[in-house]
Undergrad: 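Once you've had a glance at the structure underneath, I'll fire off some questions.
Predicted model only: the values in this text are computed from it and were never measured. In the text below, chain A, chain B and the rest are named by the order of the sequence lines, each starting its count at 1. Excluded from the calculations below are hydrogen atoms, water molecules and symmetry mates; all remaining heavy atoms, backbone and side chain alike, are included.
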There are 2 protein chains.
Amino acid sequence: MATANTNSPMRSVHRAFEVLKVLELAQQPLRLTDLAQRTGLHVATTQRLVNVLTEHGYASRHANGYTAGPAALSTAHAFATTSPLRLVARPVLEEIATASGLTASLYVRVQDNRVLIDRVEGGQRPHYSLPIGERLPLYPGAAGKVFLACDPGHDLDATARRLQPVTLANGTVLDATAIRTDLEDAREHGFAVSADERQFGTTAIAAPITDAAGRTLGSLGLSGATHSLRDVQSTALPADVRRAAHTIGARVPAAG
Amino acid sequence: MATANTNSPMRSVHRAFEVLKVLELAQQPLRLTDLAQRTGLHVATTQRLVNVLTEHGYASRHANGYTAGPAALSTAHAFATTSPLRLVARPVLEEIATASGLTASLYVRVQDNRVLIDRVEGGQRPHYSLPIGERLPLYPGAAGKVFLACDPGHDLDATARRLQPVTLANGTVLDATAIRTDLEDAREHGFAVSADERQFGTTAIAAPITDAAGRTLGSLGLSGATHSLRDVQSTALPADVRRAAHTIGARVPAAG
DNA sequence: CCATCCTTTATCACTCTATGATAGCTCAAA
DNA sequence: TTTGAGCTATCATAGAGTGATAAAGGATGG
């Protein structure tokens with residue numbers, strides 16, 4: 001968390017969100033000192049910021065430190081009920097999940113991560129974990145790749161070098177060349193595939209959701225067990241996913 | 001949204017969260033101008049703030065305006081998985097919901113609102129709406145009252161005057177005296193009851209969750225259909241709710 | 001009961017950031 | 001092209017944010 005140390009406009013506000021991000025990524029309550037350390041901010045500064053966060057409910061104070069706060073739930077609830085992309089995508093997710101019997105997931109990009117904003121299980125057993133809101137990296141995983149690959153005017157070479165090396169869940173280690181080839185494939189075909197990349201035993205196909213202006217709004221993923229998805233590339237699924245993603249993009253109110 | 005206009009420390013950070021709150025409360029995308037109007041801030045100031053929010057993913061820009069952003073989902077996810085209160089309360093909610101066949105809800109206070117942070121349905125039909133994260137007022141409703149009534153050293157009289165008049169879902173209008181009596185009752189008995197107050201047809205009992213130091217950490221509510229909950233006060237339910245709330249409070253790591 | 005430690009909060013002068021009025025830009029629609 | 005609405009950039013000034021330091025609060029152990 002070395003950013004936000006530079007002098008810049010709205011520095012304190014940026015810093016506030018840096019603190020919030022650290023709280024979010026921590027899997028446990030953090031002491032003020034830890035927060036200061038991880039953000040790279042002075043303790044006094046951190047304390048002023050976290051107090052504001054707490055006052056507004058975005059941080060919460062406990063016996064053993066601070067965590068994210070309940071106000072985030074409210075904001076998330078508001079997002080879930082007002083986001084045009086999410087609202088428009090919902091029925092499409094349901095349709096493709098039902099038709100395929102697979103899990104349909106909707107991601108959006110937030111800085112250098114993707115966030116799962118909706119999911120529909122096509123299979124019979126609904127997962128009991130509720131991963132909506134999970135923040136995942138952009139690279140391993142089909143749904144993340146499309147953000148990198150389908151970002152127009154984006155230098156895949158530089159991206160590949162920045163990401164390398166990447167270790168997949170199946171043990172494979174990818175160097176810059178492998179990553180670039182992978183991303184080029186995705187860009188060329190308009191969809192990405194991953195098998196046992198982020199999660200062993202899971203295979204996914206994903207396609208970008210773009211608006212009329214070509215901006216990438218999100219990523220639609222369809223995932224299932226690897227053993228039942230051998231040679232997905234030669235099935236109709238990629239085309240289905242692309243079509244669904246296109247449908248969503250077309251239904252989102254034209255961007256300004 | 002007339003606050004945050006005063007000069008004060010961390011003004012810009014406070015203002016950022018004011019903007020976020022307006023986005024959250026809006027049921028639709030808001031234009032920059034609307035945001036500025038509702039926050040009472042200058043357009044230029046609003047635009048700088050909302051840009052920072054957008055950059056960090058807490059706001060989202062669409063064709064017809066800004067909404068809350070996807071990062072809130074991540075933070076909410078983090079809150080849900082790390083909040084000691086929520087984690088400790090979960091099994092208790094399940095137990096009391098199962099035992100009573102009613103809906104158990106966990107609220108925490110955020111400024112002058114309560115936020116639903118967890119809910120377990122005891123009945124057979126699970127609601128399909130997912131109201132977790134909903135921001136509700138403190139006064140009408142059992143679970144909100146306890147925050148007002150059980151706040152130690154809190155002037156009920158002043159609170160009652162500040163809140164009046166309140167119109168309940170059943171049409172009753174409460175003046176300051178009625179509100180104060182209601183809150184006094186709750187304080188005396190250690191639990192609050194509401195019948196058709198916020199939502200017609202729903203009756204609820206709630207008790208405060210307090211830590212060893214007497215601080216109110218949250219509110220445990222048990223709700224069901226009014227017609228099946230006549231004379232709840234003379235049943236064992238209030239005691240059950242109080243006991244459950246006490247159990248939760250006792251299991252939360254001692255506050256600092 | 002006191003002493004010690006750890007964590008959090010208050011204080012304060014200086015610098016640099018946030019502010020807001022204005023002007024300029026972008027993009028549709030007329 | 002002109003018009004308009006919405007958003008962004010510019011800039012001087014004021015005053016908020018910063019961080020070093022010190023103090024206060026609370027727990028723990030002797």
Undergrad: How close or far is atom P of dG19(D) from atom CE of Met10(B), stated in whole angstroms?
TA: 10 Å

Undergrad: Taking only residues at least two apart or on different chains, which pairs with a member in residues 62-86 of chain A satisfy salt bridge (Lys or Arg N to Asp or Glu O under 4.0 Å)?
TA: Arg86(A)-Asp118(A)

Undergrad: Please list all pairs passing the side chain to side chain donor-acceptor pair (under 3.5 Å) test where one or both residues lie in residues 26-37 of chain A, with sequence neighbours left out.
TA: none

Undergrad: What is the separation between atom CG on Leu35(B) and atom C1' on dT8(D), rounded to the nearest whole Å?
TA: 16 Å

Undergrad: Any N/O pairs under 3.5 Å between the protein and nucleotides 7-11 of chain C? List them or say none.
TA:
from: dT8(C); atom 1: OP2; to: Leu32(A); atom 2: N; distance (Å): 3.0
from: dT8(C); atom 1: O3'; to: Arg61(A); atom 2: NH2; distance (Å): 3.4
from: dT9(C); atom 1: OP1; to: Arg61(A); atom 2: NH1; distance (Å): 2.9
from: dT9(C); atom 1: OP2; to: Gln47(A); atom 2: OE1; distance (Å): 2.7

Undergrad: Quickly work out the His62(B) NE2 to dG6(D) P distance and round it to whole Å.
TA: 17 Å

Undergrad: Provide, to the nearest angstrom, the distance between the NE2 atom belonging to His14(A) and the C1' atom belonging to dA16(D).
TA: 17 Å

Undergrad: Using five base pairs at each end, measure the axis-to-axis angle across the helix from dC1(C)-dG30(D) to dA30(C)-dT1(D) and round it to 10 degrees.
TA: 50°

Undergrad: List the residues meeting side chain to side chain donor-acceptor pair (under 3.5 Å) with Arg135(B), not counting sequence neighbours, and say none if there are none.
TA: Glu24(B)

Undergrad: Taking only residues at least two apart or on different chains, which pairs with a member in residues 48-57 of chain A satisfy salt bridge (Lys or Arg N to Asp or Glu O under 4.0 Å)?
TA: none

Undergrad: Considering just the side-chain nitrogens and oxygens of Ser12(A), establish if one lies under 4.0 Å of OP1 or OP2 belonging to dA16(D).
TA: no

Undergrad: Taking only side-chain nitrogens and oxygens of Arg15(A), does any of them come within less than 4.0 Å of OP1 or OP2 of dG19(D)?
TA: yes

Undergrad: Within this structure, what is the CG-to-C1' distance between Leu49(A) and dT18(D), rounded to whole angstrom?
TA: 10 Å

Undergrad: Could you tell me whether the side chain of Pro70(A) reaches within less than 4.5 Å of the side chain of Ser60(A), counting heavy atoms only?
TA: yes

Undergrad: Could you go through residues 139-150 of chain B and list every donor-acceptor pair under 3.5 Å that involves a side-chain atom there, pairing it with any protein atom two or more places apart or in another chain?
TA:
from: Tyr139(B); atom 1: OH; to: Asp182(B); atom 2: OD2; distance (Å): 2.6
from: Lys145(B); atom 1: NZ; to: Asp182(B); atom 2: OD2; distance (Å): 3.0
from: Lys145(B); atom 1: NZ; to: Val193(B); atom 2: O; distance (Å): 2.6
from: Lys145(B); atom 1: NZ; to: Glu197(B); atom 2: OE1; distance (Å): 3.3
from: Lys145(B); atom 1: NZ; to: Glu197(B); atom 2: OE2; distance (Å): 2.7

Undergrad: By ring-ring contact (aromatic ring centres under 6.0 Å, His included), which residues pair with His56(A), not counting sequence neighbours?
TA: His14(B), Phe17(B)

Undergrad: When the distance from CG of Asn64(A) to C1' of dC6(C) is rounded to whole Å, what number comes out?
TA: 15 Å

Undergrad: Is the closest side-chain heavy-atom distance between Lys21(B) and Leu25(B) below 4.5 Å?
TA: yes

Undergrad: Tell me, please, which residues at least two apart from Asp157(A) pass side chain to side chain donor-acceptor pair (under 3.5 Å).
TA: Arg180(A)

